[in-house]
Amino acid sequence: MMSQNPNFKHPTLQLLEKCQTLHAIKQVHAHMLTTGLALHTYPLSRLLLFSSAVSIAYALSIFNQIPNPTIFLFNTLISSLVTNGGHNTYSVCSLYNRVLSHQTLKPNSFTFPSLFKAFGSDPWFQHGRALHTHVLKFLGSTHDHFVQASLLNFYAKCGRVGVSRYLFDQIREPDLASWNSILAAYAHSTSTECISSASNGCDSSLSLEALYLFKDMQRSSVRPNEVSIVALVSACANLGALIQGTWAHSYALRNNLKLNRFVGTALMDMYSRCGCLDLAHQLFDQLNERDALCYNAIIGGFAINGYGHRALCLYEKMKIEGIVPDDVTFVVTMCACSHAGLVEEGCKVFESMEEVYGIKPKLEHYGCLVDLLGRAGRLKEAEERIQTMPMKPNAILWRSLLGAASVHGNLEMGEVALKNLIQLEPESSGNYVLLSNMYASIDRWDDVNRVRKLMKDHGVNKMPGSSLVEIGVPCMSS
DNA sequence: CTAGGGTTAG
């Protein structure tokens, strides 16, 4: 057998690790077939792992030629699909079903973590719940940290932070990744559980709990690392808690944690959301590794805080540094142009998306474009963009146009926008109010009454009050 | 015996 000596690596497998292309993988595969290496589980698992990085289809075709795959090979393929495949959840399901329907195969503790990772988004929630019962069936009350952490993350990603907490409390001696999982769960906190009247999906009390959990972690035997800091800082950013965020920053420095791009991005986001653009920018300069996300954070920070020109400078710097912008880069950069009134620049950025970078504009990019043109009073162009865009415009776009029409006193455009808005959300009174206010502002009271009648005709009969719900931010002592 | 969980932006 080939794995008697743990340091032994078959030369063919060494070669396999260097393969960058499908062509090279195929050559090694052919060699493995002729030498009989492809009859053994471990070499096959390496082959699956490396080929899935290049071509999922090829990995699947290799797998389908294996006469009696072991659970080990199923696990290898499932995890490769989850990490390399992106949206292969259907293939992942069918592979897992093959395991279940097999007479002798049984899922083990290595099978579940990748599956929970694959099911960690809303459309797959019910699949993940079913899988949870499989954990109980096949593993009983397991104390496997990997299985427990993957379950915890699954429930958190589907908005069930309470379940995550329950599962975390079941873990006897949480390790670093378990702590980081629960910290991240609270820091990102989009809970669907406790629906309070003021809840809009981002509950600040959950972020606050992340701060308390960090304290608990410090009292435990596990030392926080960079990942822990990222969660802590994100929680502070959500709370707008500058003092605690700054403390987290200094904690990282005191404990010799690295200012990697993850920590850097989280800190920049925190500082800019707290209005400390100078600190965010200082940090940006200190980072010695920067990717598109670092740039997005600082460009977005400048954009939101009204420094459109500085944001654009950084966008240029990014291009000079040779960092390829992603779709978020275009959102934040166009937002910057919009706020600074740099219409031509913003349009150019939009056009360059597809022409230069081959990124198809999404709905939100059209949203930025309409906002950009609308603010500048170029309403006709904005409308044309909405009418000719390749996907169905949503209410946000029409509302943006309605708002712009209102600001620029363009009644015809306002009515066009409203007509479309009413079709998309006929029950929302806010849309009518916008138009009605527009007429009122120029003393066209007949039209105000006409809009009111329109509301009545659509069964919307309440003008909303203007009560803002104050969300009580709890007092923190540090 | 080999494999599996945690981090960044709007």
Side-chain angles (χ1 to χ4, degrees), chain A residues 1-6 8-9 13 40-46 48-49 70-80 82-83 107-118 120 142 144-154 156-157 164 167-168 171 174-185 187-188 222 224-234 237 257-270 272-273 280 287 289-301 303-304 325-336 362-365 367-368:
Chain A
M1 287 266 63
M2 50 207 41
S3 49
Q4 302 284 342
N5 174 0
F8 174 77
K9 218 179 227 170
L13 297 185
H40 301 277
T41 291
Y42 183 63
L44 270 174
S45 84
R46 303 301 287 176
L48 285 176
L49 184 70
T70 58
I71 187 64
F72 179 92
L73 285 172
F74 271 100
N75 291 347
T76 303
L77 185 64
I78 290 173
S79 89
S80 322
V82 174
T83 52
N108 62 19
S109 60
F110 287 82
T111 317
F112 293 108
S114 332
L115 288 170
F116 281 119
K117 203 175 177 184
T142 178
D144 186 297
H145 277 168
F146 288 79
V147 174
Q148 288 179 304
S150 65
L151 257 169
L152 190 167
N153 285 309
F154 160 73
K157 286 208 180 104
S164 297
L167 292 167
F168 177 75
I171 303 175
D175 62 6
L176 182 57
S178 309
W179 275 109
N180 288 342
S181 298
I182 195 66
L183 283 173
H188 295 130
V222 180
N225 71 348
E226 286 81 1
V227 182
S228 329
I229 296 300
V230 169
L232 180 63
V233 172
S234 315
L257 298 180
K258 273 177 68 182
L259 268 182
N260 62 24
R261 60 186 202 278
F262 298 97
V263 177
T265 306
L267 280 170
M268 284 191 290
D269 180 50
M270 185 274 296
S272 55
R273 281 212 248 168
L287 294 183
E289 45 165 6
R290 295 182 198 130
D291 60 5
L293 281 85
C294 299
Y295 269 97
N296 294 347
I298 192 73
I299 294 173
I304 298 296
D326 65 8
D327 58 331
V328 179
T329 312
F330 294 106
V331 172
V332 291
T333 306
M334 287 178 69
C335 173
K362 294 187 193 166
L363 194 61
E364 61 253 48
H365 299 108
C368 294

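So you know, we letter chains A, B, ... as the sequences are listed, proteins then strands, and number each from 1. Nothing here was measured: the structure is a model prediction, and the numbers come from that model.
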**Student:** Would you indicate which nucleotide in dG10(B), dA3(B), dG5(B) comes nearest to any side-chain atom of E364(A)?
**Tutor:** dG10(B)
**Student:** Which of these nucleotides, dT7(B), dG10(B), dG5(B), is closest to any side-chain atom of A184(A)?
**Tutor:** dT7(B)
**Student:** Do T111(A) and dG4(B) have a side chain to base donor-acceptor pair shorter than 3.5 Å?
**Tutor:**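 No such pair is found, so the answer is no.
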**Student:** Nearest 0.5 Å, please: how far is CG in L267(A) from CD1 in I229(A)?
**Tutor:** 8.5 Å
**Student:** Expressed as a whole number of angstroms, how long is the span from K258(A):NZ to dT7(B):C1'?
**Tutor:**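 Checked: the NZ to C1' distance equals 13 Å.
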**Student:** If you look at every strand shown and take non-hydrogen atoms under 4.0 Å, does N260(A) touch a base, only sugar-phosphate, or nothing?
**Tutor:** nothing
**Student:** What nucleotide, of dG5(B), dT2(B), dA3(B), holds the atom closest to the side chain of N108(A)?
**Tutor:** dA3(B)
**Student:** Quick one: label L73(A) by what it contacts on the DNA or RNA (base, sugar-phosphate, nothing), any heavy atom closer than 4.0 Å.
**Tutor:**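 No contact.
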**Student:** What do the steps show when you test N153(A) against S150(A) for side chain to side chain donor-acceptor pair (under 3.5 Å), and what is the final call?
**Tutor:** CA-CA 5 Å; N153(A) 285 309; S150(A) 65; over 6 Å; no
**Student:** So what does Q148(A) hit on the nucleic acid, given a heavy-atom distance under 4.0 Å: a base, only sugar-phosphate, or nothing?
**Tutor:**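 No contact.
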**Student:** Of all the nucleotides listed (dG4(B), dT8(B), dA3(B)), which has the minimum atom distance to the side chain of V230(A)?
**Tutor:**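 Of dG4(B), dT8(B), dA3(B), dT8(B) is nearest to the side chain of V230(A).
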**Student:** Hey, what do you get for CG (L293(A)) to CG (D326(A)), rounding to the nearest 0.5 Å?
**Tutor:** 6.0 Å
**Student:** Would you mind classifying the nucleic acid contact of V147(A) as base, sugar-phosphate or nothing, using non-hydrogen atoms under 4.0 angstrom?
**Tutor:** base
**Student:** Using the rule for Phe, Tyr, His and the six-membered ring of Trp, do F262(A) and dT7(B) stack at under 5.5 Å and under 30°?
**Tutor:**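 Yes, aromatic ring over the base.
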**Student:** From CZ of F72(A) over to P of dG4(B), roughly how many Å is that when rounded to an integer?
**Tutor:**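 Interatomic distance, CZ of F72(A) to P of dG4(B): 9 Å.
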**Student:** Contact class for S228(A) (heavy atom, under 4.0 Å): base, sugar-phosphate, or nothing?
**Tutor:**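 S228(A): no heavy atom of the nucleic acid under 4.0 Å.
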**Student:** From N108(A) CG over to T142(A) OG1, what is the distance, rounded to the nearest 0.5 angstrom?
**Tutor:** 10.5 Å
**Student:** Is the ring of F146(A) stacked on the base of dG4(B), with centres less than 5.5 Å apart and planes under 30° off?
**Tutor:** yes
**Student:** Does K117(A) make a side-chain N or O approach to OP1 or OP2 of dG5(B) shorter than 4.0 Å?
**Tutor:** yes
**Student:** What distance separates L167(A) CG from S178(A) OG, expressed to the nearest 0.5 Å?
**Tutor:** 11.0 Å
**Student:** Would you indicate, yes or no, if dT8(B) has its OP1 or OP2 atom less than 4.0 angstrom from a side-chain nitrogen or oxygen of H188(A)?
**Tutor:** yes
**Student:** Just say parallel, tilted or perpendicular for the rings of F168(A) and W179(A), cut-offs at 30° and 60°.
**Tutor:** perpendicular
**Student:** When rounded to the nearest 0.5 angstrom, what is the spacing between CG in L287(A) and CZ in R261(A)?
**Tutor:** 10.5 Å
**Student:** Select base, sugar-phosphate, or nothing to describe what S109(A) touches, counting heavy atoms under 4.0 Å on all strands.
**Tutor:** base
**Student:** Whole-Å distance between dA3(B) P and F110(A) CZ?
**Tutor:** 8 Å
**Student:** Starting at CE of M268(A) and ending at C1' of dA9(B), how long is that distance when rounded to a whole Å?
**Tutor:** 9 Å
**Student:** Given atom CG of D291(A) and atom C1' of dT8(B), what is their separation to the nearest angstrom?
**Tutor:** 7 Å
**Student:** For the base of dG5(B), is there a side-chain donor-acceptor partner from D144(A) under 3.5 Å away?
**Tutor:** no
**Student:** Classify the nucleic acid contact of S79(A) as base, sugar-phosphate or nothing, counting any heavy atom under 4.0 Å across all strands shown.
**Tutor:** sugar-phosphate
**Student:** Rounded off to whole Å, could you give me the CE-to-P distance for the M270(A) and dT8(B) pair?
**Tutor:**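 The answer, rounded to whole Å, is 15 Å.
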**Student:** Could you give the CG-to-P distance, from L48(A) to dT2(B), as a whole number of Å?
**Tutor:** 18 Å
**Student:** In whole angstrom, give the distance that lies between atom CZ of F330(A) and atom P of dA9(B).
**Tutor:** 19 Å
**Student:** Looking across every strand, which nucleic acid part, if any, lies under 4.0 Å from D269(A) by heavy atom: base, sugar-phosphate, or nothing?
**Tutor:** sugar-phosphate
**Student:** Quick one: which of dA9(B), dG5(B), dT8(B) gets closest to the side chain of A177(A)?
**Tutor:** dG5(B)
